[in-house]
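Since the structure comes first, as structure tokens, the remarks are kept for the end.
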Amino acid sequence: MADGIQKKYAIIINGDDADRHLANVDRAVASLKSEGEYQINVVSPTQPKEAGVNYLPATPQALDQVVKGLGSMDDDDLLVVYITGHGDE
């Protein structure tokens, strides 16, 4: 059920420590921050350069934790999911 207040959530997932994928994470964070007030969750081998995000190291348990944290979303909230990397770990 919607509460009339749109909250914005984002999950950025990266399973690769190659420089290009780490840079993709940084670009995604910057882009989301420029779009408004997102609660940004990053699951990646290294922490993004920008502060103000919820960072967890890239593990299956971390991803589960982030997804479970979305349980408070309601019908008028917005979720953005961005995935980069090959996920070979």
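Here the side chains of N54 and Q39 are not in contact, with every heavy-atom distance at 4.5 Å or above. Counting heavy atoms from C-beta on, the side chains of T84 and D16 never come closer than 4.5 Å. Contact check for D17 versus T46: no side-chain heavy atoms found under the 4.5 Å cut-off. Between L32 and I12, some side-chain heavy-atom pair lies under the 4.5 Å cut-off.
Residues V66 and V81 share a hydrophobic cluster, clusters being chains of Ile/Leu/Val/Met/Phe/Trp/Tyr side chains in contact below 4.5 Å. Linking ILVMFWY residues whenever their side-chain heavy atoms come closer than 4.5 Å, directly or via other members, places I83 and I11 in the same cluster. Hydrophobic clustering of Ile, Leu, Val, Met, Phe, Trp and Tyr side chains at less than 4.5 Å, counting indirect connections, unites V80 with Y55.
Of all non-hydrogen atoms in P57 and A62, the two that sit nearest each other are O-CB, 3.2 Å. The minimum heavy-atom distance between I40 and V29, with the atom names listed, is CD1-O, 4.2 Å. Nearest heavy atoms, S44 versus L22: OG-CD2, 3.9 Å. Smallest separation of non-hydrogen atoms from K8 and E35: NZ-O, 3.6 Å. Of all heavy-atom pairs between K33 and G52, the closest is NZ-CA, 3.9 Å. Contact detail for P45 and G15: the closest heavy-atom pair is CG-C, 4.3 Å.
Listed for the D76 side chain is a donor-acceptor partner under 3.5 Å among the backbone atoms of I5. Remark: the backbone N or O of V25 is not paired with any side-chain donor or acceptor of Y82 at under 3.5 angstrom. Side-chain atoms of D26 never come within 3.5 Å of backbone atoms of P48 as a donor-acceptor pair (strictly under, hydrogens ignored).
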### Task
List the steps and the verdict of side chain to side chain contact (heavy atoms under 4.5 Å, CB included) for K7 and D74.
CA-CA 9 Å; K7 294 176 281 310; D74 61 35; 3.8 Å; yes
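For residues 10-50, the ring-ring contact (aromatic ring centres under 6.0 Å, His included) pairs, not counting sequence neighbours, are H21-H86.
Between the CD1 atom of I13 and the CG atom of L63 there is a distance of 4.5 Å, given to the nearest 0.5 Å. To the nearest 0.5 angstrom, R27 atom CZ is 11.0 Å from R20 atom CZ. In this structure, CE on M73 lies 9.0 Å from CD on Q6, to the nearest 0.5 angstrom.
Counting heavy-atom neighbours within 6.0 Å of D3 CG, excluding the residue itself, gives a total above 12.
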